[in-house]
Structure formats: C-alpha cells, structure tokens
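Chain letters run A, B, ... following the sequence lines, proteins first and then strands; every chain starts at 1. No hydrogens, no waters, no symmetry mates; every other heavy atom, side chains included, goes into these values.
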Amino acid sequence: MSEEQSTTEEGRIEGADGPEIERVLPADETLAALATEFASARFEVFEAAGASWDIVNVSADEYHALVAAAQAAGYTLFIDLCAVDYLRRTPRFDVVVHIESITPARRLRIKIGVPASDASIASITDIFAGANFFEREAYDLMGVDFTGHPDMTRILLPDEWEGHPLRKDASVGSVPIQFKASYKTT
Amino acid sequence: MAGETTPPGILLTTMDKGVNWARTRSMWPAAFGLACCAIEMMATGGSHNDISRFGMEVFRASPRQADLMIVAGRVSQKMAPVLRQVYDQMAEPKWVISMGACASTGGMFNNYALVQGVDQIVPVDMYVPGCPPGPQSLLHGILSLQEEIMAGTIRR
Amino acid sequence: MSDTPDLVTGDRETPIIEPPVSVTEVDEGASRREVHDMWVAGTEEPEWVRTATDEGAQEMLPEGDDPAAAIQRGIAVDDDFVDSDDTDADQRQIINMGPQHPSTHGVLRLHLELEGETIRRVKPIIGYLHTGMEKTAETLSYMQGATNVTRMDYLSPFHNELAYSLAVEQLLRVEIPARAQAIRILMTELNRVASHLLWVATQGMDVGAVSMMLFGWQDRELCLEFFEKVTGLRMNHNYIRPGGVAADLPDGWEDDVESLLVKLPAGIDRHEAILNKNPIFLDRTRGVGVITPEECRQYGVSGPIARGSGIAHDLRKAFPYSGIEQYEFDVPVGKHGDVLDRYFVRMEEMRQSLRIVHQVLNTMPAGDYRTEDRKVTPPPRKRIDESMEALIHHFKLFTEGFRVPAGEAYQGVESPRGHLGVYIVSQGGARPWRLHVRAPSFAAVQAMPVMMTDSLVADLVATLASADPVLGDVDR
C-alpha cells in the first residue's frame, strides 16, 4: 500500500516513473506564456511516429487556473479526462486531461498528481461543461473526488456499489451476483 | 397425424402437437438487445437473413407480448435486475435464448462488472455459441429451440 | 503537423446541405419559427411542397394562433415557451425511457421531465453495459489487448483496434510497413461506410421509414461479407494488431473491393432517393436536435455531430494517422447543427470514404503486412519448424507477450462517431498498466440534454438516433 509522503512545493514528485523533469520553457509562444504564468507547470514534449503532444505537469492548486488559461489561449476543444493509479508512487494518482486546439491543430496533455490521503481535486466543469461525465467516471472507477462538481455520483456502476474497481488494489475477478429488491418505480 | 380412417377434410392430432405447433410457428421475440450480439440479432431480422421465414419477424418492444427472450450481449451487474424484471413481465409460456459467449458464460470478461452467465438470473433454454454468433448460428439456435418445444408437452 | 489543413470541402462550396425551403439566418433564434414552419392552407404553396408531393402538403391546419395547432406544427418548440417558473411542479411529469427500449439504441436510459409534450429536462443514465474493459485490459498482454478493445464500439471494431494498435506502436516506436498501413486504411474506411449504413437504417426507422431498415442492412451485409472474407469474422475482428495486421488480404480482394465500389454507391444513391425529398423525413429532422459549435467544443462532441453544426474538424486531416494523408478526400461540413445536417454529413462521408477506398485499391503497395521487428512479430511458421530459437521465441511471444517501454501514449482516430482515443500507460511490462478509452459516444450522450431540452417527445427519438450512440462505447 502507498505510504503518504509530503509533496514537494512543485506538487509533482520524483516518483517511480523517472527523474524530475527539468524546467525548460517551451518553444511555443502560447505554452511559454502558460509556463511563465504558472510556477508549478513543467512542460515536456512527447514525440513519436505520427504523434506529438505537449505535456504539462501542474500542481493541484494551479490546475484549475491553468485549464482556464489554456482554454483562453485557444485550447477550446475538450477531449478527455481520466485518472491513473500508480499505486506505489507518491502522489498515488494522476488525473490526466487532454484538450485540443483546432486552429492551429495542437494538443495538450495536463497531468496533475493527486495523493491517496486526500484524493480530491478541483472540478473543471465550470470551464469545460463536457468534463462532467468524465469526472464522474473517474470518481466512479478510480475514487478521485472532484470538488465543485454539480453531481458527484456514480455513473457506470450501480449506485450502491462499494469500492472503486479500477484502483490497483481492487481485484479484477468476478464478484458473486448481487440480487437486489425488484426495480423501484417512482 | 391424419389417420387413414378419417374422412377427408378432417385432421386429427394430439393436443400437445397442435399447441406446440402453434407456439413454435409464431414465436415472438422480445427485443432485448444489449451489445454486439444485438447487432447480429438485428441482422438476422434484416432483409438478408430474414427471420420472418420462421414466423418470428415481430420483435416486440413490450415483454408482455413476447414469448421468447433473446439475451443478446453481455449482462452487466447493473442490467441484471432489469433483465430479470423484463423476464418476469413476459407471459407464460416463455423461453430464453442466451445468445453469444458473454450472455452464456461472461465470455472473455471475467471481471467485476459482468454477470458470469445469464443463467444465474433466468432459466435458459438454448445457448448459442459465438462471439458474436452469426445470423446463421442464431437461426440454428432458434430452430433447435423450436424442435425442443415440439418434442415437449404443453405443460412446461 | 505544423500547417493546418484546409478542412472545408474543396469540391462543393456548401455540400448539399441547403434545405429545400429558403431559410435565411437560420442561426438566429428569432427565425427558428421559420425553420419549423410548414405550409398552411390559405398561404402560398412553397415550391418544394409541389415537387415533393403530387397534391401538395397534406396538412390542412388552421391558420392562426390556436395553441394546439401550433404544437402540431412543431413551432412551439422553444420560441413559444415562457420560463419554467410560472409552471406548477404538478404540471410536469417524469417518465423513464429505457434501459429496455427499442429506440434507445441499446441500453441507454433517459430520465425525462415533461411538460405536456415538451421535454424540459433530460438526464441520461448510463452504465447498463459497463463491462469493465479497462480493468480487463490490464490483465491482457498487448497482443491480446486488441481482442478486448474491438468489442467496445461494436459498430466500428476496426477503429478501436487501430487506435489501440497505434498507441502501442507509439510506445514501441516500431515502423509499420506501407502495405499494412494501407490495409488498415482500407478496412477502417469500409468500416465507416458499414457503420453509417447501419446508422441510416436505424435513423430512418426511428423517424418512421421502415424501408430504410431493410435497405440499410442489405448494403451493410455487403461490407460484412468482405470483412468476413478478410478477417474470418463479421464483427469483433481482432484483425489490426500492434505491429501490423493479422493476415494479408486474401487473393482476389481487388475484385471484391471493386464490386463493393460499384454496389455501395448505388446503395447510397438509393437511400438518398428515398430520404432526400421525403417530406416526412425532412419535417421530422429539420431544425430538430440543434447543437451549436460552441456547445460541441464545450462538451467534447466530435465527429458527424460536430461537423453537422459547422466545426470543420476531422482527425484524419488535423492529426493524420496510418498514412491517411496520402489520400485525397474532403470533409463535409454542415451549417445548422440539426438532425438533417448530420444526415447529409454522414451520407457525404460515406462517399468520401469510398473515394479513399478507391485510391487505396489503385495504390496498394506491395510488401509485408506486419512489421519486421521480431520483438513484436512472431516468426513465420516455416522458421518455427526449422529453428529451435524461433520456436522458443514464438512461445515466449504468445505466453508472456512482448514488453513495451515505460511511458504513456495517446492516440486519437476519427471513428464513425467521432474522436476515439486510446490512452495507454506502460510501466515497462508485458501488460498495460492502465488503458483508458476516450469514447466519442460517451461525449455525445453527455450532450444529449443540450440537444433535447425544450423539444417535443417525438423529436427525442430522431435526435437520439442522429447522435448514433453505441452503448458499448459509452459504458465500456
């Protein structure tokens, strides 16, 4: 199980997945403006055949403001939000947001570390209304709480389900069939 | 059925045979499409495979009007109570075909979310293998079920 | 990746999306009435009515402000509605649609709050097909993973496999041979046609054109026959895998594709002949289920819905994958964001996909259908008989699977429903640490309240069908 350690002031910790990312201002103007505005933002670039991504790691405190600034800077298309459980790393969870700018065609991945002791983070539903279902899914399957979300309830699993199945300490295996009282009609 | 001694124009049969014949020749399935198999079930009802050759083209939306539930697809834990309720709403006599690997055994998804076989919730008369079973497989399953019914008695 | 492609259609200035009635300033709310307006007795008969039917429109509704007539004409949709504060709570009723309902395209459940026949609030409730595929993916090796993802969006299995394979290949950094890439494009574009044909079948049926159901399935069977010949299965193919495709195209595939290229356009023409001038279809779709471009961006809605409302965005143009940039095609874009525009966009997309298929047919490169990289690809059968090492290698590859370097990759492809993305986190093992799928239908279902609120109950079915949600994709 994960033991909690205090996060450094950047909010992003040298974890199991590699060394600390050096703070280099990105070449792109828009991203450089974001990098100077947000002290905790660490930019990197992922390049592979047929794909290139700007990646920014940011602390949970500045996350909401950074998403808002990115939207104002042209990343208007909301793509995806999900949570990843790294189990033995601190912070344990990552919330990963993908947003896209249509012209020019660019994509940005925003990653926020979320500790297991207080698995909660600001909701961005007030910026991107479409984050609503995705945040509910992350809550349902991974147990990350989004504060400020209008309806933080389970979405895919039944309401009375216990636990968060996509966490690494939840078992994969089948569970015995649960019968409930016959269907409620309102 | 018709004996040699009966006068022309009169057909004699047993109650069982007559009733079963009527049951099998106009079996109305409840449209219980869930996942991939539902698409193949609809393809079976489409013009290419034409399930109406067997008197079954009337997919009823209401379980009250259906005799046969084709469970087409994976049954999740959340869907299981709904499925059972739909089954309960169907009028007797009723039959269930479990279509595809997921409905029959959970298929490749042995995990927290799926019911490992719909026979844990409702009695199943016929299992159709495949992932998804093609229209021919489903038709074969349906015809096998019809044979089964013909071989049985009225009381079930 | 640097220059932004010109997404607006090249061939046609406004691709066939002009509605038969002259509608001016449709985007303005004030003229919404005109969109819904039908010809009433005593006024001059519009031109399109005469061309559409022999005797003119059948509706002989009285002119004037009779509220019942207004509702029947469909103009009471959202311009006549006064704010809900005046209405008593007991004037509203809540009804539940689904999860077992023939028009919800699966097991979608909608909570509707109605006032009379007008929908005031919609709440989609999903999860009735939640299969836990993201968890299952963590227990399957990378090679087995394609089996899993292909069952998510079961109407476009090739796109799922493609997104997954491309994401894994990003992490592996392997080169895919040109022939494998071309085969992938061929199959995915044919899959797009098959999926849209099914969509037009169900959309037609949901607004009352049952004949579409028969014709649509008939044409889709043609595609499925070809898929079966190539992959061995009609659906859930597991054909596109990390490293290439599972097998080369069968002998004589050119003839099959050529025959498809003759039959499918004829089928599409037939669909348009049935629907394009059908007054019932037009009335039930024009101005129904409107979503604005801004709402599309906000809600992450993509694909034909977003393009129907005027966002000229297609991942095949914006972020080309698998060599699709070699082929010429246009991206149809609508204007009004209603069901009718989505219909036109999808019909044109089918033609454009067939155009790509035609080019692939003419330019199919020779070569291997999977990568040479022995780390990913099992040794050929002949080598296994000869070499012990190859046998061990083969055994290891299929029992343990290949290892993928640590990292994370996201790959989006343009599925028939929009932006389908696969996000993979690898920790260096033979199985993904986390696999997340960004499902286009998930976003579309989320945006349904936007499209449906303040419309009539009867229009709900048309709107729902036009979003083309696949519940396997929504719930995963």
Between [atom1] of [X] and [atom2] of [Y], what distance do you get to the nearest 0.5 Å?
X: Arg234(C); Y: Cys36(B); atom1: CZ; atom2: SG; value: 13.0 Å
X: Leu224(C); Y: Ile39(B); atom1: CG; atom2: CD1; value: 10.5 Å
X: Glu138(C); Y: Asn111(B); atom1: CD; atom2: CG; value: 11.0 Å

Given heavy-atom pairs under 4.5 angstrom as the criterion, report whether the side chain, backbone, both or neither of [X] touches chain C.
X: Ala38(B); answer: neither
X: Cys102(B); answer: neither
X: Asp50(B); answer: neither

[X] versus chain B, the contacting section by heavy-atom distance below 4.5 Å:
X: Gln144(C); answer: neither
X: Thr202(C); answer: side chain
X: Met205(C); answer: neither
X: Leu222(C); answer: neither
X: Glu221(C); answer: side chain

If you define the side chain from C-beta out and look only at heavy atoms, does anything of [X] sit under 4.5 Å from [Y]?
X: Lys78(B); Y: His130(C); value: no
X: His48(B); Y: Trp217(C); value: no
X: Tyr128(C); Y: Leu34(B); value: no
X: Lys135(C); Y: Phe109(B); value: no

Heavy-atom pairs under 4.5 Å with chain C - which of Arg74(B), Met42(B), Met108(B) has more of them than the others?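 Top count of heavy-atom pairs under 4.5 Å with chain C: Arg74(B).
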With a 4.5 Å cut-off on heavy-atom pairs, point out which of Asp475(C), Thr147(C), Asn236(C) contacts chain B the most.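 Result: the option with the highest number of such pairs is Asn236(C).
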Which one, Leu129(C), Thr131(C), Leu198(C), leads in non-hydrogen pairs under 4.5 Å with chain B?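 That would be Thr131(C).
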Ala113(B) to Gly132(C) - nearest heavy-atom pair and separation: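 Scanning both residues, the minimum pair turns out to be CB-N, 3.7 Å.
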